[in-house]
Number of protein chains: 2
Amino acid sequence: MRRLADAMGVQAGALYRYFATKQDLLTAMAERMVGSVVDAVDAVDAAGPTGDGDWSARVARLARALRTALLAHRDGARVFAGTHSTGPNTLGFAESLVGVLREAGFGDGEAARALYAVANFTVGHTLEEQAALRPGDGGLTDAGALYEATVAGTYPHLAATLPVLTTTDFTAHFEFGLRLLLDGLRAVRR
Amino acid sequence: MRRLADAMGVQAGALYRYFATKQDLLTAMAERMVGSVVDAVDAVDAAGPTGDGDWSARVARLARALRTALLAHRDGARVFAGTHSTGPNTLGFAESLVGVLREAGFGDGEAARALYAVANFTVGHTLEEQAALRPGDGGLTDAGALYEATVAGTYPHLAATLPVLTTTDFTAHFEFGLRLLLDGLRAVRR
DNA sequence: ACCTGAACACCGTTCAAGT
DNA sequence: ACCTGAACACCGTTCAAGT
């Protein structure tokens, strides 16, 4: 709060004329972060000349746009996960994703739960991705620590998959998980 | 740190004889939290008299055990997501999940990425679940705020799915997402 | 070897007082 | 109406000094 106030040439206490708490400020930041998501996806949906109208392609675009929006800001995923905006951008994202699925023939329960599954996976993934990119903390993907623990302990399966586990290609990891969810939705659809 | 030290009848500074930073303490807590996961699942795997040896059932048990372990502690998901233990419990969980999939015929890349997908979804879901259960913060599932925003704005799809969106049956939400991932893995397997 | 006491440089938040 | 100045009750962390 003091740092933000400094950047605005003001005292920290002055911020409390606009936001009741730091949490409220963070919620407003989260709402702003996802502002680009729905608009960007709608534009592609409207302009798509090929088979881009497919429900699974639309859901994929929404998920990718959410990840991209979070990645565009330092600690974006952590801010988003730690707040719960009910503003038009956040609700608009939910409305779009649920809408795509309902119009594709999914039931209300399936559409609502698919929203949660896709959103929670996307946020969980991006949380991990941004943590791994932070200096001095690489998570499970910290090749050094994982490698040592792997050769020291007895983890044959981790040893065999080390190259993939320590890859920094987070886009590939994200796309794999997203594909699992979409293939799963296709199976649910009967 | 001061509160923990108080509970131990000691000064806060004394804790730094055992952990270099608060982060290290939290990492040790996360490692301890998941201690029960692998053992519990292994016991079921060994004792299962029916078709419980199925790879998808084993992965499901691992994911459920992780969620249960996180739910058993206040802010369990947040602590787990905010740290990156390379201790035997955390690596043992990864080893088990990757092992089940590799032995079921999945490739190294698929197994490693499936681990990330399942773990990130589980942590993302439980983060949301524990946030919703905290007082004064219900997230998207806060029926009141969501209801008002829904009738005020123009969100027909959210309005139609409100009953499901505001359900407090988080187990059902979790199971749905988990099923999507497992069905997706079945599809990947060719 | 382990802990105390005390400090350092911070936090989020409040509120009388100014203009 | 909006901001300052100053405080309150905290933080994580360090470190000489004790035993």
Side-chain angles (χ1 to χ4, degrees), chain A residues 1-35 70 73-87 89-90 123 127-128 130-140 142 144-145, chain B residues 1-35 70 73-87 89-90 123 127-128 130-140 142 144-145:
Chain A
M1 300 302 277
R2 276 174 233 259
R3 224 136 48 206
L4 171 60
D6 267 18
M8 301 180 68
V10 107
Q11 290 290 109
L15 299 176
Y16 289 82
R17 292 250 148 215
Y18 305 91
F19 298 96
T21 64
K22 183 186 177 184
Q23 264 300 313
D24 284 6
L25 209 186
L26 289 172
T27 301
M29 288 171 61
E31 169 70 8
R32 225 175 194 278
M33 259 198 306
V34 298
L70 301 183
H73 303 86
R74 171 153 51 101
D75 290 325
R78 191 157 56 169
V79 168
F80 188 80
T83 59
H84 292 101
S85 168
T86 50
N89 296 335
T90 304
V123 173
L127 216 43
E128 213 58 28
Q130 289 184 319
L133 297 175
R134 237 186 310 276
D137 180 329
L140 255 185
D142 183 338
Chain B
M1 301 302 275
R2 278 171 232 260
R3 224 136 50 205
L4 172 59
D6 267 17
M8 302 181 68
V10 107
Q11 291 290 110
L15 299 176
Y16 289 82
R17 293 252 145 213
Y18 305 92
F19 299 96
T21 64
K22 184 187 176 182
Q23 264 299 314
D24 284 7
L25 210 185
L26 289 172
T27 301
M29 289 173 60
E31 169 70 8
R32 225 176 193 276
M33 260 199 304
V34 297
L70 300 183
H73 303 86
R74 171 154 48 103
D75 290 323
R78 190 158 55 169
V79 168
F80 188 80
T83 61
H84 293 100
S85 168
T86 49
N89 296 334
T90 303
V123 172
L127 217 42
E128 213 58 28
Q130 289 184 319
L133 297 174
R134 240 188 307 277
D137 181 327
L140 255 187
D142 184 339

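What's counted below: heavy atoms across the whole structure, side chains too, no hydrogens, waters or symmetry copies. Protein chains get the first letters and strands the later ones, always in sequence-line order, with residue 1 at the start of each.
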key: Watson-Crick/G-U partner (both atom distances under 3.5 Å) of C:dG18   =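 Check on C:dG18: paired to D:dC2, both distances under 3.5 Å.
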task = Determine which nucleotide pairs with C:dC11, using a 3.5 Å limit on both distances of a Watson-Crick or G-U wobble pair.
result =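 Because no pair has both required distances under 3.5 Å, C:dC11 counts as unpaired.
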query = Where is the tightest heavy-atom contact between B:L127 and A:A81, given as atom of each residue plus distance?
reply =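 That closest heavy-atom pairing would be CD2-CB, 4.3 Å.
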key: Under 3.5 Å donor-acceptor, B:N89 side chain and B:E31 backbone   =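 Side chain of B:N89 to backbone of B:E31: a pair is present.
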Could you tell me the separation between the [atom1] atom of [X] and the [atom2] atom of [N], rounded to a whole number of Å?
| X | N | atom1 | atom2 | value |
| --- | --- | --- | --- | --- |
| A:Y16 | C:dA16 | OH | C1' | 18 Å |
| A:D24 | C:dG12 | CG | C1' | 13 Å |
| A:L4 | C:dG12 | CG | P | 10 Å |
| B:L15 | C:dC3 | CG | P | 9 Å |
| A:L25 | C:dG12 | CG | P | 10 Å |
| B:Q11 | D:dC11 | CD | P | 14 Å |

From [X] atom [atom1] to [Y] atom [atom2], the distance as rounded to the nearest 0.5 Å:
| X | Y | atom1 | atom2 | answer |
| --- | --- | --- | --- | --- |
| A:K22 | A:M29 | NZ | CE | 9.5 Å |
| A:F19 | A:T27 | CZ | OG1 | 9.5 Å |
| A:T21 | A:L15 | OG1 | CG | 12.0 Å |

request  = Please tell me which of A:A12 and B:R2 maps to the more 5' nucleotide of DNA chain C, matching each residue to the nucleotide holding its nearest heavy atom.
outcome  =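 It is B:R2 whose nearest nucleotide is closer to the 5' end.
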inquiry  = Quick check on DNA chain C: between A:A14 and A:M1, whose nearest nucleotide comes earlier from the 5' end?
reply    =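 Residue closer to the 5' terminus by nearest nucleotide: A:M1.
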query = Of the candidate nucleotides D:dT4, D:dG12, C:dG12, which contains the atom at the shortest distance from the side chain of A:V10?
reply =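 In terms of side-chain proximity for A:V10, the closest of D:dT4, D:dG12, C:dG12 is D:dT4.
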query = Which part of the nucleic acid, if any, lies within reach of B:F19 when heavy atoms closer than 4.0 Å are counted: base, sugar-phosphate only, or nothing?
reply =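 If one applies the 4.0 Å heavy-atom cut-off, B:F19 turns out to touch nothing in the nucleic acid.
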ask   = Mapping B:R17 and B:K22 onto DNA chain D by nearest heavy atom, which one lands closer to the 5' end?
value =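 Between the two, 5'-proximity favours B:K22.
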ask   = Quick one: is C:dC11 close enough that its OP1 or OP2 comes under 4.0 Å of any side-chain N or O from A:R3?
value =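 So the side-chain polar atoms of A:R3 do come within 4.0 Å of the phosphate oxygens OP1 or OP2 of C:dC11, strictly under.
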ask   = For C:dC3, does either OP1 or OP2 sit under 4.0 Å from a side-chain N or O belonging to B:Y18?
value =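 The answer is yes; a side-chain N or O of B:Y18 sits under 4.0 Å from OP1 or OP2.
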